[in-house]
Amino acid sequence: MSLSAKVTAAVNKAFTAAGDLVQKGTLTSKTVSNYNFATRATVSTSTTKTVDVIIQTAQKVSGEGFITTAIMRSGEDLSVYDTLTVGNKIFSIIDYSDNNFIIEAQLSREVK
């Protein structure tokens with residue numbers, strides 16, 4: 001078994017061991033295709049993908065809102081997604097790093 005396969009297996013084992021800390025999240029990508037001038041609304045389509053996510057921390061950056069850090073298994077290209085919904089909370093994806101084993105994402109809570 002290669003080292004890469006061992007690390008991937010360890011990440012999967014860690015997500016299993018985390019139990020109820022692991023939540024289902026939905027990544028959403030919204031693509032605007034047109035603007036309706038009569039209704040003053042955009043015409044768009046959304047693409048979604050369900051992922052397992054662990055919310056790690058919430059911290060306040062000076063002068064800004066709270067930034068939340070979350071981890072998920074590698075495999076999704078977060079550059080194509082706009083938001084992550086966990087429960088009834090919607091987060092904007094600010095930044096992320098992917099080391100080919102886990103993705104660590106920085107999120108900002110959307111205001112409704």
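Hydrophobic clustering, with ILVMFWY side chains joined whenever heavy atoms are under 4.5 angstrom apart, groups Val7 together with Ile102. Under a hydrophobic clustering in which Ile, Leu, Val, Met, Phe, Trp and Tyr are joined whenever their side-chain heavy atoms come within less than 4.5 Å, directly or via other members, Val51 and Val22 fall into different clusters. Both Leu27 and Phe91 are members of a single hydrophobic cluster when ILVMFWY side chains are connected at heavy-atom separations under 4.5 Å.
The minimum heavy-atom distance linking Arg40 with Tyr35 is given by the pair CA-OH, 3.3 Å. In terms of heavy atoms, Ala105 sits closest to Leu78 at CB-CD2, 4.0 Å.
Rounding to the nearest 0.5 angstrom, the gap separating the CG atom in Leu84 from the CD1 atom in Ile55 is 6.0 Å. Atom CD1 of Ile103 is separated from atom OG of Ser74 by 5.0 Å, given to the nearest 0.5 angstrom. Here Met72 contributes atom CE and Asp98 contributes atom CG; the two are 10.0 Å apart, rounded to the nearest 0.5 Å. With rounding to the nearest 0.5 angstrom, the OG1 atom of Thr69 is 9.0 Å from the CD1 atom of Ile94. Interatomic distance, OG of Ser108 versus CD1 of Ile93, reported as 11.5 Å (0.5 Å rounding). Here OG1 of Thr68 is found 8.0 Å from NZ of Lys89. Values are rounded to the nearest 0.5 Å.
No side-chain donor-acceptor contact under 3.5 Å links Thr83 to the backbone of Ile90. Although no hydrogens or angles enter the test, the distance criterion places a donor-acceptor pair under 3.5 Å between the side chain of Ser33 and the main chain of Val43.
When each of Val80, Thr45, Asp82 is checked for a side chain to side chain contact (heavy atoms under 4.5 Å, CB included) with Thr31, only Thr45 meets the rule.
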inquiry  = Could you go through Lys24 and Asp52, starting from their C-alpha distance and side-chain angles, then the distance that decides it, and tell me whether this counts as side-chain contact (heavy atoms from CB on, under 4.5 Å)?
reply    = CA-CA 5 Å; Lys24 291 291 181 192; Asp52 290 333; 2.8 Å; yes
message = Before you tell me yes or no, could you show the steps for Phe101 and Arg73 under side-chain contact (heavy atoms from CB on, under 4.5 Å), namely the whole-Å CA-CA distance, both residues' side-chain angles and the distance that decides it to 0.1 Å?
response = CA-CA 6 Å; Phe101 301 108; Arg73 290 182 185 100; over 6 Å; no
task = Would you sort out whether Asp77 and Tyr96 count as a side-chain contact (heavy atoms from CB on, under 4.5 Å), showing the intermediate values?
result = CA-CA 10 Å; Asp77 181 7; Tyr96 71 94; 3.6 Å; yes
